[in-house]
Amino acid sequence: MAPINANDINDAKAFMPAKKVLPEVETDGANGNGNGNGNGNSPKGYSYETLLEIANFLLSRISVKPHIGIICGSGMGSLAETIQEPVSILYEDIPNFPVSTVEGHHGQLVFGKINDIPVMAMQGRFHYYEGYPLWKCCLPVRVMKLIGIKTLIATNAAGGLNPSYKIGDIMIVKDHINMMGFAGNNPLHGPNDERFGPRFPPMSKAYNYEYRKVAREIAKELNIDNIVREGVYTCLGGPNFETVAELNMLKMVGVDAVGMSTVHEVITARHCDLNVFALSLITNECVTSYDNNDEANHEEVLDVGRMRQDILRKFVSKLVERFAQIETNH
Ligand SMILES: O=P(O)(O)O[C@@H]1C[C@H](O)[C@@H](CO)O1
């Protein structure tokens, strides 16, 4: 693909000059992999130009620009296997890109087509608990924007807190509670670059209403509406699973599913005006009573991902098709 330059970003806001010059590139680590001790509270981040270099590096490797970006959750990497004519690029081969360190996250980008729609998928995401500051966890979302993505589909594995949820249910995320943000840890912390978006982005419509409606329709068409729910997700920092008291508190404030990702990605995506859809695969029931001897564990999370992979692939490939139609009609 032809390289892009700073003026190519497809949003009117992109043409506004940056209000302030960002501090020079800081990596929170010597090698740019972000394995340093960045706590997410420092105003560090790659400059717009560095992100552009990453986007251009990727564009130089592909022949069709993707329209939809997909982030595969833990154990859900097989979603990327539905991509036809795949071109895979390992994270470690991308300059200035972080690397995946968690089991169930392969660590590569896959470009290609789903139902003839050009897409790119992250087979492996970055989590705060891996040692990455939030801005670095979300760096790929900004790269997606620069590449030309219009829509982000974020998937995650989550614990079901809503007592009516069962293991294997798929929750369409209708909203989130940014628990880490309450403590001041936000991917947008630090100087704002208006070429991505405004200083104070609204989040009241973070999860696109039309996409959610279509997703419910698709669930009916695929005859999986009995396992598809809609609810509120929250992200905690991890890596430990939650205590009983923590889960009961989250339940009280209206959380339906608990995880360790997605929220900051969605904030970053909405900041740069991507349309967002997110789903949680309920991989375990949260333990909210001291009488319950169950303990959450990552193996179970991955097993449930495998168990649901066929349904998830069908669901996501329909979502891609219909979201692309919606965008064409707009
Ligand atoms: O990447 P996601 O949010 O799908 O992964 C969840 C949260 C932890 O990384 C892991 C715990 O098993 O699954």
Side-chain angles (χ1 to χ4, degrees), residues 34-35 40 69-80 91 98-110 121-134 136-141 152-161 165 167-173 176-181 185 187 207 231-243 246-247 250 255-269 276-287 294-309 311-313 315-316:
N35 288 323
I70 301 167
I71 303 178
C72 304
S74 281
M76 294 153 86
S78 80
L79 283 175
Y91 293 162
V99 290
S100 286
T101 68
V102 188
E103 202 196 331
H105 291 263
H106 293 310
Q108 60 179 8
L109 293 178
V110 184
M122 285 182 72
Q123 227 176 8
R125 63 149 55 86
F126 308 112
H127 305 85
Y128 184 71
Y129 62 75
E130 292 176 77
Y132 295 122
L134 286 185
K136 195 168 266 185
C137 295
C138 304
L139 172 159
V141 173
L152 175 70
I153 300 177
T155 67
N156 62 60
L161 197 47
Y165 288 7
I167 293 176
D169 281 357
I170 297 168
M171 184 187 87
I172 296 168
V173 181
H176 69 225
I177 296 180
N178 182 10
M179 293 300 288
M180 294 172 74
N185 197 357
Y207 299 84
V232 174
Y233 173 88
T234 198
C235 163
L236 302 182
N240 60 285
F241 293 104
E242 303 72 32
T243 67
E246 285 163 353
L247 288 166
L250 293 172
V255 171
D256 295 300
V258 191
M260 304 177 196
S261 67
T262 307
V263 168
H264 33 278
E265 296 160 352
V266 170
I267 290 171
T268 306
V276 170
F277 178 83
L279 66 81
S280 299
L281 176 63
I282 304 302
T283 53
N284 53 293
E285 285 172 17
C286 290
V287 176
D294 292 346
E295 282 187 315
N297 66 84
H298 190 54
E299 289 67 42
E300 182 186 17
V301 169
L302 299 181
D303 282 348
V304 176
R306 275 188 283 274
M307 180 187 99
R308 273 287 182 251
Q309 64 182 1
I311 285 178
L312 279 170
R313 282 186 198 162
F315 193 41
V316 170

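All heavy atoms count here, side chains included; hydrogens, waters and symmetry mates do not. Atoms within a ligand are numbered from 1 in the order they appear, just like the ligands themselves.
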Q | Counterpart residues, ring-ring contact (aromatic ring centres under 6.0 Å, His included), relative to Tyr165 (two or more places apart) | A |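 With sequence neighbours excluded, Tyr165 shows a ring-ring contact (aromatic ring centres under 6.0 Å, His included) to no residue whatsoever.
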**Q.** Partners passing side chain to side chain donor-acceptor pair (under 3.5 Å) against Arg125 (at least two apart in sequence or in another chain)
**A.**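 Side chain to side chain donor-acceptor pair (under 3.5 Å) list for Arg125, sorted by chain: Ser261, Thr262, Glu265.
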Q) Got a sec, which residues hit side chain to side chain donor-acceptor pair (under 3.5 Å) with Glu285, two or more places apart in sequence or on another chain? A)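 Applying side chain to side chain donor-acceptor pair (under 3.5 Å) to Glu285 gives none.
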Q | Amino acids in close contact with ligand 1, where any non-hydrogen atom sits under 4.0 angstrom away | A |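 The answer is Gly73, Ser74, His105, Arg125, His127, Tyr129, Asn156, Ala157, Phe241, Met260, Ser261, His298, Val301, counting any residue whose heavy atom sits under 4.0 Å from ligand 1.
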Check whether any side-chain heavy atom of [X] lies under 4.5 Å from a side-chain heavy atom of [Y], and answer yes or no.
| X | Y | value |
| --- | --- | --- |
| Leu109 | Met122 | yes |
| Cys235 | His176 | no |
| Pro140 | Phe126 | yes |

